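What you see is a predicted model; the values in this text were computed from it and never measured. By convention here, the first residue in the shown sequence is residue 1. Order of appearance sets the numbers: ligands from 1, and atoms from 1 within every ligand.
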Amino acid sequence: MCGIVGYVGPKEAVSFLLAGMEKLEYRGYDSAGIAMLEKGEIRIEKSVGRLSFLEKIINQNKEKLTGTIGIGHTRWATHGRPSTINSHPHTDCDGNFVVVHNGIIENYQSLKEMLIERGHIFKSETDTEVVAHLLEELYDGDFLTAVQKTLRKLEGSYALVFLSKYQPDTIICSKKDNPLIIGLGDGENFVASDIPAIISHTRKTYILGDNETAVVTKDNVKVLDYRGVPVKKKIFEVEWDAQAAEKGGYEHFMLKEIYEQPKAIRDTMSGRIAKDNSKIVLEELNFSVEDINDIERIVIVACGTAYHAGMVGKYLLEKFARMPVEVEIASEFRYKDPIVNEKTLAIIISQSGETIDTLAAMKEAKKLGAKTLAITNVVSSSIAREADKVIYTWAGPEIAVASTKAYTTQLIVVTLLAIYFAQIKNTLSKEEIKELCQGLKFLPEQINDVLEEISPIKTFSKQYGFNENIFFIGRALDYAVALEGSLKLKEISYVHAEAYAAGELKHGTLALVVKEVPVIALATQEDVYDKMISNIKEVKAREAVVIGVAFQDDQEIEKHVDHVIRIPRANKFLTHVLSVVPLQLLAYFVAVTRGCDVDKPRNLAKSVTVE
Ligand code: M6R
């Protein structure tokens, strides 16, 4: 899970490489490096730590980097600890080839042993270095042929970009299960793991498919399939605004993305709710009654935050459409011999559309005969391309590692989907559908209201942000929100946070609730409100400090808790979209209070493209 860039053209490559890597730092940021072809030689600069360290080294160099062809990499370590030696690019013994890689070469150990036996000397602990030595081993006068032979020997996942001093005007790259795009310029071309790296240079791209290889020079891009047969690629025009991938005055991307939620939700609902609120329109699905009746079971597969959206999906699909739903953690699903067949609909939720666990789980479900429906934020991502049907969340680019607007737009899509199935199956009345549609349309404004009331949240983050343990409790949909709130807090502020179904506390965890431990108690589910109040009393009896999350007009709650965070009243099946927002803000302000790196939390990366 790393970021890759490449440039070939008339300009000095270094500025594009560094700027592009900065845009991709969300993919990994424990070390960085670049390689450049200059005067027929390969020149490499690398550094452990953030990209800024590498920039410093480059700026202090007496001999400036002037090459017009180069590649760069920001790393998230898999094989070998973060260090300058282990950072990419990697070379062969004689420095004739250089490579950057995103992914994992699963058979690297046996390849390494074979190469060592043949006299190759390794410098790093990485799996990637074998690729450079393999290239050296298999080179027989033609760069492309050597790359193709090398790729045939690799098992695992990769996006690989190569340079060779034998062909100093050419970048060769290839991918399998990890993303890679080619940006098409005028007399210059770009390679990158993701669009933000190239968007300020070109909107025209080729999205490489699995096992495709591209030969890129400044004036030409030739794409070949796994047999070496040329592929006619369609140009994919990027429609984003470059500004959308910048911070726009906010201190952190996360805060900006929290504030973008009303728009992201509006965009995601746009055209999907009838003007008269009579029905949900999901043209991308076009399911008939027979199609729906043919589904015996739904399995939702996802990781992390997307998994929490899946939990909400389960709740609503079962409630509205009366269909049985399981939610599975993608990394578990594939290895558990899942019960899936042609009568199963597998719903795959992934912001990036590139999470390898989720992608692999989807492939497994497909193999077993399931129909697949992806919910993703990235057009033409691997998951979008593999799925039978796709519903896009229109959240725009999400840069902060902690997912916020992508999550709330996933909530919107699973809610729309549950209503859509129910309207086909006739399990909700016309009045209920209308009420839900109206309620959905109110949400963007209601989130704005929550965003205007941030000062109590700031106060609580200062008051309780230095506690080492915080609990989140809730029932029904509030439980899914509690899980998401606790993940946000752990992820960016490194506070130990646990989320519990409130009724489950007394079965063990209550032992940890002692004097002054903060407990965030969500109380927005009217069907279980009284039960929730009883659970709040249980923690209050242990002298916990309770912060309730409740509706503006709830006068009961303040009798039982120490503080209240208020949200506007909403339809009881839509409150999850509102109640998560103060929890996102709480995690954000606690992280700021504790001086954490909000957008790039330690040990994590935005796009998890390793298993
Ligand atoms: O791109 P995906 O939605 O597939 O990513 C899944 C998780 O890695 C992701 O949601 C992760 O949990 C977030 N960093 C949480 O904020």
Enquirer: Considering the heavy atoms of S350, write down every atom of ligand 1 situated less than 4.0 Å from one of them.
Expert: 1 (O), 2 (P), 3 (O), 4 (O)
Enquirer: Any atoms of ligand 1 less than 4.0 Å from a non-hydrogen atom of A402? List them with their elements.
Expert: 16 (O)
Enquirer: With a heavy-atom distance limit of 4.0 Å, tell me whether K488 approaches ligand 1 through its side chain, its backbone, both, or neither.
Expert: side chain
Enquirer: Determine, stepwise, if the pair E284 / R272 fulfils salt bridge (charged side-chain N to carboxylate O under 4.0 Å, His left out).
Expert: CA-CA 10 Å; E284 50 276 77; R272 290 171 170 164; 2.7 Å; yes
Enquirer: Looking only at non-hydrogen atoms, find the nearest pair between G20 and V5 and report the distance.
Expert: C-CG1, 3.9 Å
Enquirer: Which residue and atom name correspond to the protein heavy atom nearest atom 4 (O) of ligand 1, and how close is it?
Expert: T355 OG1, 2.4 Å
Enquirer: If you compare all heavy atoms of Q261 against all heavy atoms of T404, which two are closest, and at what distance to 0.1 Å?
Expert: OE1-O, 3.3 Å
Enquirer: Please determine whether the number of non-hydrogen atoms from other residues, nucleotides or ligands lying under 6.0 Å from atom NZ of K363 exceeds 12.
Expert: yes
Enquirer: Checking salt bridge (charged side-chain N to carboxylate O under 4.0 Å, His left out) for the pair E468/R594: CA distance, chi angles, key distance, verdict?
Expert: CA-CA 11 Å; E468 284 313 314; R594 292 171 70 104; 3.4 Å; yes
Enquirer: Could you tell me whether R602 sits above the aromatic face of Y494, with NZ or CZ closer than 6.0 angstrom to the six-membered ring centre and within 45 degrees of the axis?
Expert: yes
Enquirer: Return a yes/no value for T358: is any of its N or O atoms, backbone included, closer than 3.5 angstrom to an N or O of ligand 1?
Expert: no
Enquirer: Got an N/O contact under 3.5 Å between Q410 and ligand 1?
Expert: no
Enquirer: Both conditions, 6.0 Å and 45 degrees, for the charged tip of K488 above the ring of F472: are they met here?
Expert: no
Enquirer: So is there a nitrogen or oxygen of V401 less than 3.5 Å from a nitrogen or oxygen in ligand 1?
Expert: yes
Enquirer: Looking at F589 versus F460, is the centre-to-centre ring distance below 6.0 Å?
Expert: no
Enquirer: Looking only at protein heavy atoms, which one is nearest to atom 15 (C) of ligand 1, and how far off is it?
Expert: T305 OG1, 3.0 Å
Enquirer: With atoms numbered from 1 as shown, which atoms in ligand 1 lie under 4.0 angstrom from a non-hydrogen atom of S352?
Expert: 1 (O), 2 (P), 4 (O)
Enquirer: Looking only at protein heavy atoms, which one is nearest to atom 13 (C) of ligand 1, and how far off is it?
Expert: E491 OE2, 3.5 Å
Enquirer: Which of the atoms of ligand 1 are close to A306, meaning less than 4.0 Å from one of its heavy atoms?
Expert: 3 (O), 10 (O)
Enquirer: Should you measure from each heavy atom of G304, which atoms of ligand 1 turn up under 4.0 Å away?
Expert: 12 (O)
Enquirer: What protein heavy atom is closest to atom 3 (O) of ligand 1, reported as residue, atom name and distance in Å?
Expert: Q351 N, 2.6 Å
Enquirer: What is the nearest protein non-hydrogen atom to atom 7 (C) of ligand 1, stated with its residue, atom name and distance?
Expert: C303 O, 3.6 Å
Enquirer: Mind checking whether F320 and F573 have ring centres under 6.0 Å apart?
Expert: yes
Enquirer: For Y407, run the side chain to side chain contact (heavy atoms under 4.5 Å, CB included) check against E257, E398, Q351, H308 and tell me which one passes.
Expert: H308
Enquirer: For atom 8 (O) of ligand 1, what is the nearest protein heavy atom, given as residue, atom name and distance?
Expert: V608 CG2, 4.0 Å
